[in-house]
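Structure first, commentary second.
For the numbers below, each heavy atom of this structure counts, side chains included, while hydrogens, waters and symmetry mates do not. By convention in this document, chain letters (A, B, ...) are assigned in the order of the sequence lines, proteins followed by strands, and residues within each chain are numbered from 1. All values derive from a computational prediction rather than experimental measurement.
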Protein chains: 2
Amino acid sequence: MNIQGASEKTGLPAKTIRYYEDIGLIQPDRAANGYRHFSTRDLHNLTFLARARALGFTIEDCRALLGLYEDESRASAEVKTIAQKHLQAIEEKIRDLQTMRETLSDLVTSCHGDNRPDCPILSDLGGSSRD
Amino acid sequence: MNIQGASEKTGLPAKTIRYYEDIGLIQPDRAANGYRHFSTRDLHNLTFLARARALGFTIEDCRALLGLYEDESRASAEVKTIAQKHLQAIEEKIRDLQTMRETLSDLVTSCHGDNRPDCPILSDLGGSSRD
DNA sequence: CTTGACCTTCCTGTTACTGGAAGGTCTATG
DNA sequence: CATAGACCTTCCAGTAACAGGAAGGTCAAG
């Protein structure tokens, strides 16, 4: 299967698939004309990568996870450790964003949004305690 | 005030302050020796930027907000529009992360994390409906 | 006059791609 | 057989918002 077919099967852009080969995540064969040929296993790995990326794992996490996926003698503890760290990172990010949301939401609510210059949002950013 | 002083006053790394000058967010004076000199207004603007960045605004949003901050004839509606869009983007990101968190949390819980290879996390990523 | 703490500019690297240029290949049709 | 259009290839540049580091100028103290 050519790259466009692989793209459609996996949902990954062709550009991304080439990039994944570039950084050594996959190693598809080449036809005589230089075109990449994707085996079932390649497609499987690409799908794995797409799903892992969709869960927010970094490329390096994906590399490790894919290695474990293909390692019959793995210990599931290794996988769990990676996933747990990632989960913690996500939870931290959520907390950060929620803090921002609360502040922003308050500011947006308090701003009249008319054609006059008075603006509690700018006042807050400028360091005044409040409008 | 030199750059290190400005850094300490604003909490921004000196590198970041130089970067902000580079992209035209601030225009500190230069002393005869080439050193940057930060006026009270510069420090004020840097603090504004630091706070806006801490709320997750992009640099380009910050540029627009700072412009409005310094524009006595602004309409607060412009500020509010920027803030509202940003708030929506944050809320969307939170939702995305929460979806990831739920999936990941389930997977982590279901994985034994021992020295055996069986792993529902990998099974899920690999596309099986469940271990 | 030297040492160490400042300051400067410039270049590279980061993350995970995306866009685009220049050019080779394949297939269908006239 | 020629050609058009849809593929494919590699390579280069750009994105966001800086961080790290090299090479070199400046300043205050001893």
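- Between the CE atom of A/Met1 and the C1' atom of D/dC7 there is a distance of 15 Å, given to the nearest Å.
- Relative to the side chain of B/Asn33, the nucleotides D/dA19, D/dC18, D/dT26 differ in distance, and D/dT26 lies closest.
- Checked by atom type and distance alone, the side chain of A/Thr47 pairs as donor or acceptor with a backbone atom of A/Leu43 at under 3.5 Å.
- No side-chain heavy atom of B/Gln27 sits less than 4.5 Å from a side-chain heavy atom of B/Glu21.
- One can place CG of B/Leu25 at 13 Å from P of D/dA16, the figure rounded to the nearest angstrom.
- With A/Ser7 contributing its side chain and A/Ile3 its backbone, the two residues share no donor-acceptor pair below 3.5 Å.
- The distance between atom CD of B/Glu60 and atom P of D/dC18, rounded to the nearest whole Å, is 12 Å.
- Scanning DNA chain C 5' to 3' for nucleotides with an atom closer than 4.0 angstrom to a non-hydrogen atom of chain A gives a first and last hit of C/dA16 to C/dC26.
- A/Asp42 and A/Ser39 share a donor-acceptor pair across their side chains, judged by distance under 3.5 Å alone.
- When every heavy atom of A/Phe48 is checked against every heavy atom of B/Gly126, the shortest pair comes out as CD1-N, 3.7 Å.
- Looking only at atom types and distance, the side chain of A/Asp114 has a donor-acceptor partner in the side chain of B/Ser76 under 3.5 Å away.
- For D/dG25, the OP1/OP2 oxygens have no side-chain nitrogen or oxygen of B/Tyr35 closer than 4.0 Å.
- The residue among B/Pro13 and A/Asn2 whose nearest nucleotide of DNA chain D lies closer to the 5′ end is A/Asn2.
- Using a 4.0 Å heavy-atom cutoff across all strands shown, A/Ile23 reaches no nucleic acid atom at all.
- The separation between B/Ile17 atom CD1 and D/dA17 atom P is 17 Å, rounded to whole Å.
- Panel note: side chain A/Arg74, backbone A/Tyr69; a donor-acceptor pair is recorded below 3.5 Å.
- One can place CZ of A/Phe38 at 15 Å from P of D/dC7, the figure rounded to the nearest angstrom.
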Could you list the protein-to-nucleotides 10-12 of chain D atom pairs, N/O on both sides, closer than 3.5 Å?
{"residue": "D/dT10", "atom": "OP1", "partner": "A/Arg30", "partner atom": "NH1", "Å": "3.2"}
{"residue": "D/dT10", "atom": "OP1", "partner": "A/Arg30", "partner atom": "NH2", "Å": "3.1"}
{"residue": "D/dT10", "atom": "OP2", "partner": "A/Arg36", "partner atom": "NH1", "Å": "3.4"}
{"residue": "D/dT10", "atom": "OP2", "partner": "A/Arg36", "partner atom": "NH2", "Å": "2.7"}

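- With DNA chain C read from its 5' end, the first of the two nearest nucleotides for A/Arg53 and B/Ala14 is the one closest to B/Ala14.
- Of the side-chain N and O atoms in B/Thr16, one or more sit less than 4.0 angstrom from OP1 or OP2 of D/dA19.
- Nucleic acid contact class of B/Tyr20 (heavy atoms, under 4.0 Å, all strands): sugar-phosphate only.
- Among all heavy-atom pairs drawn from B/Lys80 and A/Gly113, the shortest one is CD-CA, 3.7 Å.
- A distance-only check finds no donor-acceptor pair linking the side chain of A/Arg41 to the backbone of A/Asn45 [under 3.5 Å].
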